[in-house]
Number of protein chains: 2
Amino acid sequence: MFSIGELSRRTGVKIPTIRYYEQMGLIAAPDRTEGNQRRYSKDGLKRLSFIRHSRELGFSIDEIRELLDLSAHPEQPCNDAHQMAARRLADVQRRISRLQRLERELERISACDAHTIADCAVIETLADHSLCETEH
Amino acid sequence: MFSIGELSRRTGVKIPTIRYYEQMGLIAAPDRTEGNQRRYSKDGLKRLSFIRHSRELGFSIDEIRELLDLSAHPEQPCNDAHQMAARRLADVQRRISRLQRLERELERISACDAHTIADCAVIETLADHSLCETEH
DNA sequence: TCTTGAAGCTATAGTCGCTAGAGAGATTAT
DNA sequence: ATAATCTCTCTAGCGACTATAGCTTCAAGA
Ligand SMILES: [Zn+2]
Ligand SMILES: [Zn+2]
Ligand SMILES: [Zn+2]
Ligand SMILES: [Zn+2]
């Protein structure tokens, strides 16, 4: 049985975040001591680790709720899980390409060799998107 | 003189967002008609376009405030603007590499060829980060 | 056993950058 | 004149936390 602080240390999830997850119904309300403090089991630790890892991979709270439901039914087919991973992947790829376009523009404007604002490529570009090479 | 709706159409910034920017002090409160409706000038249009483009390139509201201040002083040196662009670029690059690590992991787990949750690589990986190839 | 300091409790509000809705008043076109 | 569309203010909500205040409980050392 761990206190919330120990659970936090073991999972890397901050204490207020653990309480927030409890409120959101992602983790069950754990048993309490006589003095009303939360005490977690190994299962609680596993569940929170699953949540943390899913968050790190970019799943939303709602998606994690679904993933937790899936993982509780080992005999079920895993198509749904595959679909969710595929959606996540597609989203990550969209973001990457958007950021890469930004990267190109920022590199371009960072190459400004003017000395005053009046001629600065950074300021000029911000004022006029048609100076950009790509859409964003 | 444009109404807020016309300003919105011309800049692509939604009406509530324009009012929000006014409240945040990014744009000055414009003149009003007798009936209390906002009327914008060409200058207002320019300023909002600058803001929109800066947002698209990823600058925060606070950074945009600084950039607008800079652009109002054409005779000043532009080092500050360069520094801000460089910080933005570095941040974009950090995000890209983080997303690329996620992309690799998501591609890996999406290659699951199991049929049930019990053996599904997606669920297994979420439960255990040590199955990952990279940090994230 | 007592004391002290760390840890935990609840409840509320704040973060960022918007976005949505209600209910009223203004403007424009026919 | 009337109807359709716009605009007004104000308030609340989004997601995923994070911070603060004021209190109570726990655990370890004297
Ligand atoms: Zn410059
Ligand atoms: Zn641009
Ligand atoms: Zn699978
Ligand atoms: Zn991992």
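Note: hydrogens, waters and symmetry copies are ignored here, and every other heavy atom, side chains too, is used. Just so it is clear: chains get the letters A, B, ... in the order the sequence lines come, proteins before strands, and each one is counted from 1.
Rounded to whole angstrom, the span from the CZ atom of B:Phe2 across to the P atom of C:dT28 amounts to 15 Å. One atom, CZ of B:Arg52, and another, C1' of C:dG17, lie 14 Å apart when rounded to the nearest Å. Nucleotide D:dT25 holds its P atom 13 Å from the CZ atom of A:Arg39, rounded to whole Å. Regarding A:Met24, its CE atom lies at a distance of 10 Å from the P atom of D:dA16, rounded to whole Å. Taking atom CZ of B:Arg55 as the reference point, atom C1' of C:dC18 lies 9 Å away to the nearest angstrom. When the C1' atom of C:dT12 is taken as reference, atom CD of A:Gln23 falls 11 Å away, rounded to whole Å. The separation between A:Tyr40 atom OH and C:dG8 atom C1' is 11 Å, rounded to whole Å. For A:Ile61 and D:dT18, the CD1 to C1' distance is 14 Å, given to the nearest whole Å.
No side-chain N or O of B:Asp43 forms a donor-acceptor pair with one of B:Ser41 less than 3.5 Å apart.
Here A:Thr33 does not reach the OP1 or OP2 of D:dT25: none of its side-chain N or O atoms lies under 4.0 Å away. At D:dG15, none of the side-chain N or O atoms of A:Ser60 fall inside 4.0 Å of OP1 or OP2 (strictly under the cut-off). For the pair A:Arg38 and C:dG8, the criterion of a side-chain N or O lying under 4.0 Å from OP1 or OP2 is not met. For B:Ser3 and D:dT7, the shortest distance from a side-chain N or O to OP1 or OP2 is below 4.0 Å. Phosphate contact (OP1/OP2 of C:dT10, side-chain N/O of A:Arg32, threshold under 4.0 Å): present.
Looking at the side chain of B:Gln37, the nearest of the listed nucleotides C:dT19, D:dT9, D:dT7 is D:dT7. Here the nucleotide nearest the side chain of A:Tyr21, chosen from D:dT18, D:dC8, D:dC17, is D:dC17. In this structure, of D:dC8, C:dT27, C:dC18, it is D:dC8 that holds the atom nearest to the side chain of B:Ile4. Considering only the side chain of A:Ile15, C:dG8 comes nearest among C:dG8, D:dC6, C:dT19.
Taking both residues in full, the closest heavy atoms of B:Thr11 and B:Leu7 are given as OG1-O, 2.8 Å, listed atom of the first, atom of the second, then distance.
Between A:His53 and B:His136, some side-chain heavy-atom pair lies under the 4.5 Å cut-off. Side-chain atoms of B:Thr116 and A:Cys78, non-hydrogen and from C-beta on, never get closer than 4.5 Å to each other.
Note on A:Phe59: nothing from the nucleic acid sits closer than 4.0 angstrom, heavy atoms only. Among the protein residues, B:Arg19 comes within range of the nucleic acid bases, having at least one heavy atom under 4.0 Å from a base atom.
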Legend entry - Audit row: A:His82, B:His115, ring pair (Phe, Tyr, Trp, His ring centres under 6.0 Å) steps and yes/no: CA-CA 10 Å; A:His82 295 181; B:His115 297 291; 8.4 Å; no
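Of the two residues contacting DNA chain D, namely A:Glu34 and A:Tyr20, the nearest-nucleotide position lying further toward the 5' end is that of A:Tyr20.
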